[in-house]
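This report refers to the structure that appears directly beneath it.
Atom set for the values below is all heavy atoms of this structure, side chains included, hydrogens, waters and symmetry mates excluded.
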Amino acid sequence: MSDEQLAEYMTGWKEHTGNYILCEIEFKRRQNRGNEFRGWISLGLSVLAIVISVLALSTK
């Protein structure tokens, strides 16, 4: 479902009902998708930095 279709579906429900809240949650999940991707990248870089640091200490 596209964002426009989701918004149209959402307008068919009264506020504070279960389906309306689920639509809001889905919108927020879609908006945070970019943040989640950047979080995984930063986590991967952190792990790589720790591995390099450990290797550098063990070769000393």
Side-chain angles (χ1 to χ4, degrees):
M1 199 179 269
S2 70
D3 288 343
E4 293 83 19
Q5 290 171 333
L6 183 60
E8 186 177 323
Y9 179 76
M10 189 174 175
T11 59
W13 298 100
K14 196 173 184 181
E15 283 190 42
H16 308 297
T17 60
N19 288 331
Y20 188 87
I21 292 170
L22 289 175
C23 290
E24 284 183 330
I25 291 170
E26 177 63 19
F27 268 125
K28 288 178 184 177
R29 184 189 67 81
R30 290 180 185 192
Q31 288 174 341
N32 290 328
R33 191 177 303 158
N35 294 335
E36 181 180 345
F37 181 70
R38 285 190 296 273
W40 282 110
I41 289 175
S42 66
L43 182 63
L45 290 174
S46 299
V47 169
L48 180 64
I50 290 173
V51 168
I52 291 172
S53 299
V54 169
L55 289 174
L57 284 174
S58 65
T59 59
K60 221 174 188 188

Enumerate donor-acceptor pairs with a distance under 3.5 Å from any side-chain N or O in residues 37-45 to protein atoms, sequence neighbours excluded.
residue, atom, partner, partner atom, Å
Arg38, NH2, Asn35, OD1, 2.3
Ser42, OG, Arg38, O, 3.4
Ser42, OG, Gly39, O, 2.9

Quick check: closest heavy atoms across Thr59 and Ala56, and the distance to 0.1 Å?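 That would be OG1-O, 3.1 Å.
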At their closest point, which heavy atom of Tyr20 faces which heavy atom of Lys14, and how far apart are they?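 Closest approach of Tyr20 to Lys14, heavy atoms only: CB-O, 3.4 Å.
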Applying side-chain hydrogen bond (donor to acceptor under 3.5 Å, both in side chains), can you list everything that pairs with Glu26, at least two apart in sequence or on another chain?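 Residues passing side-chain hydrogen bond (donor to acceptor under 3.5 Å, both in side chains) with Glu26: Arg29, Arg30.
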For Leu57, what are the other residues in its hydrophobic cluster, where any two members join if their side-chain heavy atoms are less than 4.5 angstrom apart?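 Taking Ile, Leu, Val, Met, Phe, Trp and Tyr as members, Leu57 stands alone, with no cluster partners.
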